[in-house]
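Note on naming: letters A, B, ... go to the chains in the order of the sequence lines (proteins, then strands), and numbering restarts at 1 for each one.
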There are 2 protein chains.
Amino acid sequence: MPETRRGRPTMNDVAAAAGVALKTVSRVVNNEPGVNASTAERVHAAIESLGYRRNDGARTLRRGRTASIGLVIEDVADPFYSGLSRAVEDIALAEGCLVFTGSSGEDPARERELVLAFCARRVDGLIIVPAGTDHDYLTPEVEAGIAAVFADRPPGAGPDADTVVCDNAGGARAGTEHLLAHGHRRIAFLADAPSIFTAAERLRGYREALAAAGLPYDEGLVAMGRPDQARVLADLRRLLRLADPPTALFTGNGQITVATLRALAGTAGPAPVREAPSSGPVAIIGFDDFEPADLLGITVIAQDPAGMGRAAAELLFRRLSGESGPPQRLELPTRLVVRGSGERPPA
Amino acid sequence: MPETRRGRPTMNDVAAAAGVALKTVSRVVNNEPGVNASTAERVHAAIESLGYRRNDGARTLRRGRTASIGLVIEDVADPFYSGLSRAVEDIALAEGCLVFTGSSGEDPARERELVLAFCARRVDGLIIVPAGTDHDYLTPEVEAGIAAVFADRPPGAGPDADTVVCDNAGGARAGTEHLLAHGHRRIAFLADAPSIFTAAERLRGYREALAAAGLPYDEGLVAMGRPDQARVLADLRRLLRLADPPTALFTGNGQITVATLRALAGTAGPAPVREAPSSGPVAIIGFDDFEPADLLGITVIAQDPAGMGRAAAELLFRRLSGESGPPQRLELPTRLVVRGSGERPPA
DNA sequence: CTGAAAGCGCTAACAA
DNA sequence: TTGTTAGCGCTTTCAG
């Protein structure tokens with residue numbers, strides 16, 4: 001019967017129970033060679049009867065690597081980031097690594113807090129979807145050997161690090177071109193605040209497509225801001241009340257697409273007024289695929305969240321296994337998925 | 001200039017640089033009272049110039065608590081669990097606790113592997129959505145003081161632990177009653193495999209509602225199995241080809257609802273044959289709300305994933321702060337959300 | 001094949 | 001106010 005010690009049994013307890021030295025237990029626990037089978041047997045029995053489990057914290061302290069990584073995203077509850085998370089998790093687990101996850105909620109202070117907390121736990125590496133633009137706080141950590149990979153958005157000021165983004169501008173260009181090809185000339189652009197990298201890039205792509213088609217850039221057709229329902233509804237009402245309203249909408253991410261659809265459907269407060277009642281339904285293309293976009297017939301510019309997570313994790317583990325070289329920057333492709341909403345002709 | 005030591009500076013390095021004793025650095029780092037302001041200043045300067053950051057692993061080893069918890073869910077990429085995760089994260093962070101997250105993918109071996117890995121890291125507590133039914137492996141851990149809360153499903157054999165579930169049977173009963181009240185007599189039930197607790201409970205509720213209405217239970221109207229598109233499509237085809245086909249469907253979770261809608265829409269392979277072409281669209285109610293269910297007009301039995309995560313986390317932290325007493329079992333309510341699809345009359 | 005001793009970076013307990 | 005000593009549970013090094 002084990003003595004009534006506080007807390008869990010340690011290797012020392014096991015050693016005492018098995019009548020061997022501490023180091024022998026360590027050998028058995030870690031499957032190190034060179035232990036007599038019968039000795040090992042006794043040790044195993046002691047482990048079993050005491051309910052011993054190695055303390056990885058202590059192990060880590062001695063060995064240097066924690067076999068854990070930190071993942072900081074914008075929000076796990078957002079399907080884009082949860083898809084990315086799952087891919088990161090899977091690769092980490094395959095590498096024998098556990099994952100600390102944290103949502104920054106687009107708050108730079110919280111991002112920093114999470115990252116530094118992970119660093120204090122001495123994670124081996126980090127995958128970060130940056131919320132802020134100042135990553136100087138990371139420099140000492142990176143210099144101390146913590147590997148960092150940025151995903152979805154590049155870091156702001158701070159250490160040069162590997163980055164995985166998607167082809168935001170290209171995707172937005174393709175979407176806009178698609179609407180132009182279907183005859184639209186007044187295309188509104190609704191997106192996140194321009195301070196967010198992806199939104200700025202998508203705006204760039206939209207503008208490039210307009211320019212290439214010889215069309216003017218009309219600021220009145222652009223509405224950028226928080227992705228919440230109220231803001232989107234208000235902006236949409238303004239847009240549709242214009243003297244020369246848009247015949248098509250390009251929405252800059254999944255949340256905004258859904259909010260826009262709700263606003264158009266009137267599910268979210270009063271439906272935005274249509275000044276020209278004769279006009280058909282407005283065309284719409286959204287950046288980011290979302291779960292039942294197929295059921296709703298929404299044409300989208302899809303990116304692959306799991307693919308992004310995988311790319312970031314693979315990059316990270318390559319660094320952790322010693323690969324050196326200059327920081328890499330991967331740009332993942334996007335894909336136009338035609339489903340009907342983006343192919344409606346102008347009214 | 002710091003010496004070229006391997007790895008990161010330690011408290012000892014800081015102490016040497018500041019010309020004070022180790023313990024003084026410790027006091028400053030931990031904001032312990034009783035340090036002369038000017039001494040503290042020198043220490044801070046040394047910390048800054050060396051890029052020192054406390055090693056929480058070592059701290060943990062000494063203090064006993066790791067200020068981390070483990071969260072094992074079925075799949076972070078599933079919106080239900082990602083909503084739950086976010087709530088857990090938020091509460092944990094507020095408690096100064098970091099979260100290890102892992103997806104079991106409904107695989108008991110992986111659940112066990114994750115849980116035990118978290119225990120080896122000496123997490124203070126666990127929140128587990130059990131995939132398996134045998135939780136004996138947890139007993140030594142719980143006896144050693146790791147708090148465990150089960151969420152969404154109760155544990156199988158194993159230690160008695162706090163559990164948070166939703167009123168699965170009641171929700172399914174309410175949904176079925178709603179369809180009955182709208183005149184349906186042939187209601188199909190499509191759900192997860194009955195080995196999964198929530199599916200079994202929802203089936204129970206469905207049966208109770210039928211029984212209360214004096215209707216027979218027809219096994220031919222029940223299709224339980226994996227939530228993938230192919231299985232749902234096949235089952236739906238079978239159901240709709242019955243001599244006396246269902247006029248309404250009750251779908252047992254979010255994934256199955258979406259798969260069913262896809263099958264009905266013909267988005268997922270050939271549309272299931274309708275033997276009676278004169279009949280209107282089949283009525284449908286789904287268990288679990290999902291993102292644009294409002295846009296699709298789908299009536300659902302909604303539960304609150306974030307609420308479940310919050311409840312589980314609050315229970316866990318209450319235990320961690322010493323609350324004793326018998327294991328609690330919380331049952332969260334569900335809510336019928338009427339949106340049209342569940343109110344269609346029978347053909 | 002087995003073991004004793006040192007020490008990873010930190011905090012707790014106790015001097016000075 | 002500051003410092004000294006011991007030791008958390010483990011791995012590493014080196015001896016038997």
Peer 1: By the 4.0 Å heavy-atom rule, please label B/Thr60 as base, sugar-phosphate, or nothing.
Peer 2: nothing
Peer 1: At less than 4.0 Å, is any side-chain N or O atom of A/Asn30 found next to OP1 or OP2 of D/dT11? Yes or no.
Peer 2: yes
Peer 1: Between C/dG9, C/dT11, D/dT1, which nucleotide gets closest to the side-chain atoms of B/Met11?
Peer 2: C/dT11
Peer 1: May I ask you to verify if any side-chain N or O of B/Arg63 is less than 4.0 angstrom from the OP1 or OP2 atom of C/dT11?
Peer 2: no
Peer 1: On DNA chain D, does the nearest nucleotide to A/Tyr52 precede the nearest nucleotide to B/Pro33 from the 5' side, or the other way round? Give the residue.
Peer 2: B/Pro33
Peer 1: In terms of side-chain heavy atoms of A/Leu61, which of C/dC8, D/dT11, D/dG3 is nearest?
Peer 2: C/dC8
Peer 1: Are OP1 or OP2 of D/dT2 and a side-chain N or O of B/Thr24 less than 4.0 angstrom apart?
Peer 2: no
Peer 1: Over how many whole Å does the gap from A/Asp56 atom CG to D/dG9 atom C1' extend?
Peer 2: 11 Å
Peer 1: Give the rounded distance in Å between these two atoms: CG of A/Asn12 and C1' of C/dG3.
Peer 2: 13 Å
Peer 1: Describe the nucleic acid contact of A/Ala58 in one word from base, sugar-phosphate, nothing, applying a heavy-atom distance below 4.0 Å.
Peer 2: base
Peer 1: Over all heavy atoms of both residues, which pair between B/Arg65 and B/Thr60 is shortest? Give the atoms and the distance, please.
Peer 2: O-OG1, 3.3 Å
Peer 1: Please state whether the base of C/dG9 and the side chain of A/Arg122 form at least one donor-acceptor pair under 3.5 Å?
Peer 2: no
Peer 1: Rounded to whole Å, how long is the line connecting atom CD of B/Glu32 with atom P of C/dC10?
Peer 2: 14 Å
Peer 1: Atom CZ of A/Arg42 to atom C1' of C/dC1: distance rounded to whole Å?
Peer 2: 12 Å
Peer 1: What is the distance, to the nearest angstrom, from the NZ atom on B/Lys23 to the C1' atom on D/dG7?
Peer 2: 14 Å
Peer 1: Quick one: A/Arg59 CZ to C/dG7 C1', roughly how many Å, whole number?
Peer 2: 17 Å
Peer 1: Between B/Arg65 (CZ) and C/dT11 (C1'), how many Å, whole number?
Peer 2: 17 Å
Peer 1: When you measure only distances, ignoring hydrogens and angles, does the side chain of B/Arg27 come within 3.5 Å of the base of D/dT1 through a donor and an acceptor?
Peer 2: no
Peer 1: Indicate the atoms forming the closest heavy-atom contact of B/Arg27 with B/Pro33, along with that distance.
Peer 2: CD-O, 4.4 Å
Peer 1: Using whole Å, what does the distance between atom P of nucleotide D/dA6 and atom CZ of B/Arg62 come to?
Peer 2: 13 Å
Peer 1: Decide, yes or no, whether a salt bridge links A/Glu106 with A/Arg153 under the criterion of side-chain N to carboxylate O below 4.0 Å.
Peer 2: yes
Peer 1: Measure from the side-chain heavy atoms of A/Ser26 and tell me the nearest of C/dG9, D/dG9, D/dT11.
Peer 2: D/dT11
Peer 1: Among D/dC10, C/dA4, D/dG3, which nucleotide has an atom closest to any side-chain atom of A/Leu22?
Peer 2: D/dC10
Peer 1: Would you kindly say whether A/Arg8 and A/Asn55 are connected by a side-chain donor-acceptor distance under 3.5 Å?
Peer 2: no
Peer 1: What residue among A/Arg59, A/Arg54, A/Arg53 forms side-chain hydrogen bond (donor to acceptor under 3.5 Å, both in side chains) with A/Asp56?
Peer 2: A/Arg54
